[in-house]
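Bear in mind that the values here come from a model prediction, so they are computed numbers and not experimental data. Lettering follows sequence order; numbering is per chain, from 1.
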Amino acid sequence: MSHWQTICEVDALQANSGVCALVEGQQVAVFYMPKSQSVFALHNYDPFAKANVLSRGIIGDLKGEPIVASPVYKQHFNLKTGCCLEDETVKIPAYSVRIDQSHVQINLDYD
Amino acid sequence: MNTPKKTLVVIGNGMVGHHFLTSLVNSPIKETYHIVTFCEEPRAAYDRVHLSAFFSGQTADDLSLVEPGFFEQHGITLHIGDKAAQINREEQTVLSDKGVLIHYDTLVLATGSFPFVPPVPGHDRPECLVYRTIEDLEAIATVAQKSKVGVVVGGGLLGLEAAKALHDLGLKTHVVEFAPRLMAVQLDEAGGAMLRHKIEHLGVTVHTGKNTQLITDGEHCFNKMCFADGEELETDLILFSAGIRPRDDIARACGLEVGSRGGIVIDNQCKTSDANIYAIGECALWNGMIYGLVAPGYTMARTVVTDLASQPASFTGADMSTKLKLMGVDVASIGDAHAKSQGALTYTYQNGDLEVYKRIVVSADKKHLLGAVLVGDASGYSTLLQYCLNGIELPEHPDTLILPSRSDESGGLGPDALPLSAQICSCYDVSKGDICQAIEAGCSTVGDLKAGTKAGSGCGGCAALVKSVLNSELTKQGVTVNTDLCEHFAYTRQDLFTLIKVEKITTFDDLIEKHGHGLGCDICKPTVASILASNWNDFVLKPELAPLQDSNDAFLANIQKDGTYSVVPRIAGGEISPDMLITLGQVGKKYQLYTKITGGQRVDLFGARVEQLPLIWKDLIDAGFESGHAYGKSLRTVKSCVGSNWCRYGVDDSVGLAIELENRYKGLRSPHKIKFAVSGCTRECAEAQGKDVGIIATEHGWSLYVCGNGGMKPRHADLFATHLDKETLIKYIDRFLSFYIRTADRLQRTSVWMENMEGGLDYLKSVIIEDNLGLCEQLEEQMQHVVDTYQCEWKTTIEDESKLKRFKHFINSDQADDNIVFIEERGQLRPAETKDQKHFKLVEVA
């Protein structure tokens, strides 16, 4: 069952950067690329640094895939899947996120 | 089973004696010897070649050639300040002045030479000195203090070096030479004349063809020199540099064979007439020749080590070609510079405007280069030397080698033309084959090669050649040296800098649209952010710039392992009033921050949550602090000692200068962090020689050092300029920093930047001091713009409500991050260990 909830308005996001939202007690990093009108959401916890910091990483792309680089030790995570590029045994939760009208909506269910 | 060790005694711990010891301890045969060395001077081996650096602020320690702990580590007994006085060849013993008696199995004489002082009446007057040891230099400095005029007797290589020293000490300097021209051994007449002209232009008067007959009381100066032609010259100080004589007295006294004009006779294995005794360096006479250069002495030292190991070794003479900078003038001489070979042809190029003189000497069949003389421009030295040493066939028109090329085509000899046996580095005897082997083993940068083979780490004259061999070999191996910044830009950092500057690009989007592809990444974004800041100095958290900033710049603070930040306010020069210190304490207490003193003479406040940063800074700015830019790849601190205001040794106001410099360059973004220091005297309490830019006060003005650093690979800074007034000093630093910012790679400290630069320090000097790229005005403008547009980034941030939005942990809640947990230790807070932290469970896939 999909469960979409609005977390904020688009203008609360930072263009070409990330922010962190508190959703049902969980920290969710939301990244926004206005040019392609895309949004991505990962858990905010960096498993290497063991700190809630991923929303503060630089975003961009590597070999065509959207990524965020950890601000602490610079590992890259795929924004769509949460997979770490440097260590394939590490994956962080990725969430469905969308812009509906001007609302940023997230679905915390993942499989 | 132990065979008893034999005893090897080395007499003399000069450059050659010490090179022998270092070669010996790197050889397996060192295990068979108990090693003893006598050193007459009060200090162990030091660099006599760069002796004049002593006058520009280098200390005896700086000149030392002995690695710390060398003698202890290798079990070598060093008798310092004790002269070996007698050899008894029958008993095989050496007796020293202090009465030490040692039996030897093998003896190595490395007694060196002494300066020749012509026996003219008056040569022993108190102001008559020589130039050989550090003690000599100290005596020169003492006499120079009460002198106005100085004369160097001897216009050879060492004499001109000594003249530079006197000139630098502020004396009106004369050079008196017996021969009709300067550097008579190395240069031909026209080359000598060009050198004379250039040196006189620098303010040194040259007298050639002068035979000194008497030194007596002067009328205006302490002394007067009377010449055979009836002329006289008044002078205070007289420095003899009229050649060297081998120190063979100890060998003579024990009956070893010596030459009729001195020198201990040796064979091709450097053995003397006694099979148990070797002689190496300037005391040795091989084939009727004394070699007064260090490189042949080193070769002799290595020959002895090889011979002791019972391996075939022979010394068969040495190339006496030299290239050096005399008082800023490039001079080089190769092989048969005087065209004495039968049938030799000469080609000469002379440019009166640029004051350049070049001559090559070619064999009668025009196939081989026999010699060359270069004055004013020695850039062709390596190529010509390779032609000469390796017998490489000359091009059809040999004069193309010295004629200036008016097109882009370089007349140089490609590295592929050299045989593997070609010697590339003469200081450490590294061949092209050695370099190729190191490249095959994985060396891929000049830095790697220097570390691996030592090539280029002596005089540095071969650096350009080393680099071209490297590039050519890498290309052959099919290694394309990819210098692209990242997958988004097929450009180097330097290329991007130029594009941004020339096209006046101010945003990342604009740049990537015109010159790159994709979205960018954590390599190119911060690099471009830094270049934009260096050029335009816009506020780094402007909406279009903020997403480009690296972790620390993005929040104007230093991120720590738990996601909290540390805060470092600027304390220029490390000077802080009690009230300001109290404020720091109050702020630390109010926000429960862990406080620590940094290495850069300021205070770091740790454990600030992202949402606390603006509050902390509001308090700090209200109290008069400003951002310390500890978060940026930018100027960090200008450290200083307390200087002449308080210190009883202080020569100048180091704190005042440090504050002025820190305030001038604060906020300047650069490829890597930059650190400065200013010391108020040569005691160097601010450790300026370990900084990117170091300044030391002397009685004659400021000395500027560049390209040092501490950290993982510490590097001692290089002396860049001396006797500077403040205005010139700042001008040089402006140019230096601007040039670094323009041309360095991303995250390249100044040290590595300079080491990878073709031409190294000399090239850097030519760009910054002599302006040979015509760039200085631009470099100064570039810096002035940054200085004029400085802003405290924290002041700008807290004054703008919209900028504060990013300093929250959650966009939709005022809660704090519950993963940040502190515990107390030694009365302050620190991050709790992971096990104490409450965090969400990781999802891992196999």
Side-chain angles (χ1 to χ4, degrees), chain A residues 6-9 11-23 25-28 30-33 35-36 43-47 49-74 76 82-83 88-94 104 110, chain B residues 486-488 508-509 512-513 517-526 529 541 543-555 559-565 610 805-820 831-835 837 839-846:
Chain A
T6 297
I7 48 172
C8 63
E9 297 300 296
D11 58 15
L13 300 179
Q14 299 268 350
N16 297 312
S17 191
V19 295
C20 179
L22 188 62
V23 188
Q26 302 230 1
Q27 298 198 15
V28 179
V30 183
F31 303 95
Y32 176 43
M33 298 180 180
K35 212 165 162 191
S36 53
H43 201 284
N44 195 34
Y45 185 77
D46 175 345
K50 301 186 168 58
N52 289 309
V53 292
L54 285 183
S55 65
R56 301 178 211 158
I58 288 179
I59 62 170
D61 65 345
L62 285 177
K63 301 196 168 72
E65 289 294 304
I67 51 96
V68 61
S70 158
V72 181
Y73 299 119
K74 315 287 170 170
H76 299 93
C83 290
E88 58 180 21
T89 66
V90 175
K91 180 178 175 175
I92 53 175
V104 181
Y110 63 93
Chain B
C486 65
E487 65 175 67
H488 304 99
F508 182 82
D509 288 348
I512 201 163
E513 196 173 302
H517 37 81
L519 302 174
C521 64
D522 57 311
I523 303 288
C524 58
K525 283 184 171 180
L541 295 188
E544 65 272 29
L545 296 177
L548 309 177
Q549 306 300 335
D550 216 338
S551 317
N552 294 343
D553 274 316
F555 291 89
I559 195 166
Q560 303 301 324
K561 59 192 249 184
D562 61 347
T564 63
Y565 290 87
V610 69
K805 227 172 80 178
R806 58 190 292 114
F807 293 93
K808 278 185 75 176
H809 190 72
F810 297 113
I811 42 166
N812 58 350
S813 163
D814 286 331
Q815 282 186 40
D817 177 4
D818 62 2
N819 191 47
I820 297 174
E833 297 300 322
T834 317
K835 60 182 187 315
Q837 283 171 294
H839 62 77
F840 119 101
K841 196 168 170 290
L842 248 184
V843 180
E844 290 184 353
V845 289

(message) Using side-chain heavy atoms (C-beta onward) and a distance below 4.5 Å, is Tyr45(A) in contact with Asn819(B)?
(response) yes
(request) Kindly indicate whether the side chain of Asp522(B), heavy atoms from C-beta on, has any atom under 4.5 Å from the side chain of His76(A). (result) yes
With distance as the sole test, does [X] use its side chain to make a donor-acceptor pair with the main-chain N or O of [Y] at under 3.5 Å?
| X | Y | value |
| --- | --- | --- |
| Gln14(A) | Pro547(B) | no |
| Lys50(A) | Lys561(B) | no |
| Asn812(B) | Ala21(A) | no |

(message) My understanding is that only one of Asn44(A), Val53(A), Leu22(A) makes a side chain to side chain contact (heavy atoms under 4.5 Å, CB included) with His809(B); could you say which?
(response) Asn44(A)
Check whether [X] gets within reach of chain A through its side chain, its backbone, both or neither, counting any heavy atom under 4.5 Å.
| X | value |
| --- | --- |
| Ile559(B) | side chain |
| Glu544(B) | neither |
| His517(B) | neither |

(message) Less than 4.5 Å to any heavy atom of chain B: does that hold for the side chain of Ala49(A), its backbone, both, or neither?
(response) both
(request) Sort Asp46(A) into side chain, backbone, both or neither according to what part of it lies under 4.5 angstrom from a heavy atom of chain B. (result) neither
(request) In sequence, state the C-alpha distance, the side-chain angles, and the governing distance for Arg56(A) and Ser551(B), and then conclude on side-chain contact (heavy atoms from CB on, under 4.5 Å). (result) CA-CA 7 Å; Arg56(A) 301 178 211 158; Ser551(B) 317; over 6 Å; no
(message) Assess the residue pair Lys74(A) and Asp550(B) against the criterion (salt bridge (charged side-chain N to carboxylate O under 4.0 Å, His left out)); give the C-alpha distance rounded to whole Å, side-chain angles, the decisive distance to 0.1 Å, and a yes or no.
(response) CA-CA 10 Å; Lys74(A) 315 287 170 170; Asp550(B) 216 338; 2.6 Å; yes
(request) Evaluate the side-chain contact (heavy atoms from CB on, under 4.5 Å) criterion for residues Asp818(B) and Gln27(A): first the C-alpha distance (whole Å), next the side-chain angles of each, then the deciding distance (0.1 Å), finally the verdict. (result) CA-CA 10 Å; Asp818(B) 62 2; Gln27(A) 298 198 15; 4.3 Å; yes
(message) As an exercise, state the distance from SG of Cys524(B) to CD1 of Ile58(A), rounded to the nearest 0.5 Å.
(response) 9.0 Å
(request) Look up atom CG in Leu13(A) and atom CD1 in Ile811(B), then write down how far apart they are to the nearest 0.5 Å. (result) 6.0 Å
